[in-house]
Amino acid sequence: MSSFNPAIFKDLNYIGGEWVGADSGQTVAVTNPATGDHIGSVPMCGRAETNRAIAAATSALPAWKALTADARATHMVNLCDAIMDHLDDLAIVLTSEMGKPLAEAKGEIALGVKYIRFFAEEGKRIYGDTIPSPWADRRIVVTKEPVGVAGAITPWNFPNSMIARKLGAALASGCTMVIKPSEFTPFSALAFGALADKAGLPKGVINILTGDAPAIGEEMCENPDLRKITFTGSTRVGKLLAANAGKHMKKISMELGGNAPFIVFDDADLDRAVEGAIASKFRNSGQTCVCANRIYVQAGVYDQFADKLKAAMEAQLSPGNGMEPDTTQGPLINEAAVDKVAAHVADALEKGATLVTGGKRLETAGTFYAPTLLTGMTQEMRVAHEETFGPLAGLFKFETEEDAIRLANDTEYGLACYFYSNGLGRTYRVMEQLQYGLVGVNEGVITTEVAPFGGVKDSGLGNEGSKYGLDDYLNIKYSCIGGLGL
Ligand SMILES: NC(=O)c1ccc[n+]([C@@H]2O[C@H](COP(=O)([O-])OP(=O)(O)OC[C@H]3O[C@@H](n4cnc5c(N)ncnc54)[C@H](O)[C@@H]3O)[C@@H](O)[C@H]2O)c1
Ligand SMILES: O=C[C@H](O)CS(=O)(=O)O
């Protein structure tokens, strides 16, 4: 890898095209979860700075929305080109602050670019309608207009692509944006500011703040100039934001937590199912909202699947610093994340589960937990009802197709689910009964910019990506035109 270019490494906030610190001068430290080393510090901003960022986005809005979709697309493509020009540098920053292996970081950044490029084109297809008028002397026209200034609050586990898939839809629809990334991974977000400068985006179109999350969120919810909140994160925080945004009648998009069932039927290709389980469960060390959280295996193939999965885990999963080429499993984001996985393992073992492999914190620097496989899991265990968000694969046994569907739907979440079967009839029966926004059939990783990504129940509201992803950034206007002398 070529030497790191620090041009994209920014430790100030980006407001109205200017790089600024917090009014208080306070900062918050950022550490590398693989080593515990201090990476840098970013401003501890609050409501006042957020107010100024919203003002900057408001000032930039008229000119941005007045551009043609093609002109906005050109800016967006220039941004994508700048991102790809700095792919290695961005990946180093992402791996340093979040921990995922460098290859996964590059893959995430490339996916983020795909989202922005996709929406650059979709922005040219924001069609309206002319509706046959019920009045002979009037005409009806329906147009779609940008909602205005959008506020984005994003998580640490995909610190680039969770911003990109929001930013792409916002910019393409003619909105401007204020972004608050996670306190654990601010540098990947601030790099968007450096790249926006490099790509020549007009000042104020993108604004990036770090600091006091509740205060920044309150300003976003309560400032009348900001018209939309798009949040990706935990269901707990999502509900807080949705409640406050609702008081101020803001449009909201909520991409929240999950508890994905992964079902293996006895008519599945077991080798394919094992590879899908590895991909779904252990991507990002199990720290994705769509990771398999509960693995249900039909009784007739349970032992065989467990043996195959154990072998695959021991052959394919290699914990370590994400900067090392052989690493496939980076650290968890922090001590609390390690404690949660450990608690889920302990709870399962206390309630009768069997430890097959892993089951302990790795005695190295940083916050690592061993890839873990448990069998004998039951619905009484915490893993069955809580998002683990770590490298724990728990196998549950089921008897019938009806049992599998009932167990899979036994959760307040509804983001992603997966099942493996070679039965065509079963595929449609199960696909249509699972209460989730995303369904992987014989596939363990299904995210793409062209398909809608969104949950039901406590997993959220709205969809990101796909042709549907623009809807949340647009208002529909109906115009009735009379006096035409018709
Ligand atoms: N559905 C999806 O697309 C998706 C994608 C990634 C992560 N997630 C979910 O996110 C969670 C992990 O991410 P996380 O730990 O960053 O989630 P989190 O909810 O703790 O934090 C998410 C963001 O919200 C901010 N925040 C925290 N408290 C806030 C408050 N009171 N007001 C305003 N902002 C606040 C944080 O600073 C961060 O930027 C998991 O539950 C995961 O399932 C969902
Ligand atoms: O963690 C949630 C992300 O949305 C995962 S994905 O990269 O979009 O599948």
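Start at 1 and go down the list; that is how both ligands and their atoms are numbered. Just so it is clear, the structure is predicted and the values come from calculations on it, not from any experiment.
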Ligand 2 and L111, any nitrogen or oxygen pair closer than 3.5 angstrom?
no

Ligand-residue contact atoms, ligand 1 with E183, heavy atoms, under 4.0 Å
36 (C), 37 (O)

Does R283 approach ligand 2 within less than 4.0 angstrom via side chain, backbone, both or neither, non-hydrogen atoms only?
side chain

May I ask you to identify, for T232, whether its side chain, its backbone, both or neither come under 4.0 Å of ligand 2 on a heavy-atom basis?
neither

Note: ligand 1 atoms sitting under 4.0 Å from heavy atoms of F231 are 19 (O), 22 (C), 23 (C), 24 (O)

Please confirm whether T232 comes within less than 3.5 Å of ligand 1 when only nitrogen or oxygen atoms on both sides are compared.
no

Mode of T447 contact toward ligand 2 - side chain, backbone, both, neither (heavy atoms, under 4.0 Å)
side chain

Quick check on contacts: which atoms of ligand 1 are under 4.0 angstrom from a heavy atom of M162?
5 (C)

E218 and ligand 1 - part of the residue with a heavy-atom distance under 4.0 Å
neither

Do the side-chain N and O atoms of T388 and H344 include a donor-acceptor pair separated by under 3.5 angstrom?
yes

At less than 4.0 angstrom from any non-hydrogen atom of E255, what atoms of ligand 1 do you find?
1 (N), 2 (C), 3 (O), 4 (C), 44 (C)

In terms of atom number and element, which parts of ligand 1 are under 4.0 angstrom from non-hydrogen atoms of L415?
1 (N)

Ligand 1 N/O within reach of R236 N/O, cut-off under 3.5 Å
no

Quick one: does atom 21 (O) of ligand 1 have a protein heavy atom under 4.0 Å from it?
no

For ligand 1 and N157, I'd like to know whether there is a polar contact (N/O to N/O, distance under 3.5 Å).
no

Please could you name the atoms of ligand 1 that P181 approaches to less than 4.0 Å, counting only its heavy atoms?
39 (O)

How does R165 reach ligand 2, if at all, at less than 4.0 Å between non-hydrogen atoms: by side chain, backbone, both, or neither?
side chain

I'd like to know if M162 contacts ligand 2, where contact means a heavy-atom distance under 4.0 Å to any ligand atom.
yes

Note: ligand 1 atoms sitting under 4.0 Å from heavy atoms of F389 are 12 (C), 40 (C), 42 (C), 43 (O)

